[in-house]
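These figures come from a predicted structure and were not determined experimentally.
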Amino acid sequence: QVQLVESGGGLVQPGGSLRLSCAASGTIFSINAMRWYRQAPGKQRELAAVITSGNNTNYADSVKGRFTISRGNAKNTVYLQMNSLKPEDTAVYYCNADVDNGLGVSRRYWGQGTQVTVSS
């Protein structure tokens, strides 16, 4: 089984910055895409950012220009740099990855989530 471990969440003031990290481990042949989702209390989960194996990126309109998704030196890591944070960004942020484990099946895995709270 593949495990995704997230870190970097916390409490920040409006206008502040935070960087989330996610590392994948286990039986990994390749990772086709990595994503950051977020879910605010009482709301549906939404896709905030995605990066492909070719390093193409896409962002939700609500975070475009403020957030940056990137891959680490090793392809089993992904980061989300969050700048100019707003109270509306408060949510649990989840790492997600499409992983091929070499058995001919690609599966989607999730991290445990990390809380981001933006408040003065």
So, does [X] use its side chain to make a donor-acceptor pair with the main chain of [Y] at under 3.5 Å?
X     : Y      : value
Thr90 : Val118 : yes
Arg35 : Ala49  : no
Thr77 : Gly72  : yes

ask   = Does any pair with a residue in residues 99-118 pass salt bridge (Lys or Arg N to Asp or Glu O under 4.0 Å), and if so which ones, sequence neighbours excluded?
value = Asp98-Arg108
All pairs passing salt bridge (Lys or Arg N to Asp or Glu O under 4.0 Å) where residues 39-53 contributes a residue, at least two apart = Arg38-Glu46
Side-chain polar contacts of residues 11-24 - donor-acceptor pairs under 3.5 angstrom, sequence neighbours left out - could you list them?
residue	atom	partner	partner atom	Å
Ser17	OG	Asn83	OD1	2.9

message = With clusters defined by side-chain heavy atoms of hydrophobic residues (ILVMFWY) lying less than 4.5 Å apart, directly or transitively, does Trp36 cluster with Ile51?
response = yes
If you look at every heavy atom in [X] and [Y], which pair is closest and at what distance?
X     : Y     : value
Ile31 : Ala97 : CG2-CB, 4.2 Å
Ser53 : Arg71 : CA-NH1, 3.9 Å
Ala91 : Ala40 : CB-N, 3.7 Å

inquiry  = Working note: Trp110 + Tyr37, criterion side-chain contact (heavy atoms from CB on, under 4.5 Å); need CA distance, chi angles, decisive distance, verdict.
reply    = CA-CA 10 Å; Trp110 295 87; Tyr37 285 86; 3.5 Å; yes
Determine whether [X] and [Y] make a side-chain contact, defined as any pair of heavy atoms from C-beta on separated by less than 4.5 Å.
X      : Y     : result
Ser106 : Val99 : no
Phe67  : Leu85 : yes
Ile69  : Tyr79 : no

Could you grab the distance from atom [atom1] of [X] to atom [atom2] of [Y], nearest 0.5 Å is fine?
X      : Y     : atom1 : atom2 : answer
Leu80  : Cys95 : CG    : SG    : 10.0 Å
Gln115 : Tyr93 : CD    : OH    : 9.5 Å
Ser84  : Arg66 : OG    : CZ    : 7.0 Å

task = Report the C-alpha distance between Val78 and Ser70 in whole Å, list the side-chain angles of each, state the deciding distance to 0.1 Å, and finish with yes or no for side-chain contact (heavy atoms from CB on, under 4.5 Å).
result = CA-CA 6 Å; Val78 64; Ser70 62; over 6 Å; no
task = Could you please spell out the steps behind the side-chain contact (heavy atoms from CB on, under 4.5 Å) verdict for Tyr94 and Gln39?
result = CA-CA 8 Å; Tyr94 296 92; Gln39 187 167 25; 4.3 Å; yes
key: Carboxylate-amine/guanidinium proximity below 4.0 Å for Asp89 and Lys86   = no
task = Give the intermediate values and the outcome of side-chain contact (heavy atoms from CB on, under 4.5 Å) for residues Val2 and Ile28.
result = CA-CA 7 Å; Val2 173; Ile28 301 173; 4.1 Å; yes
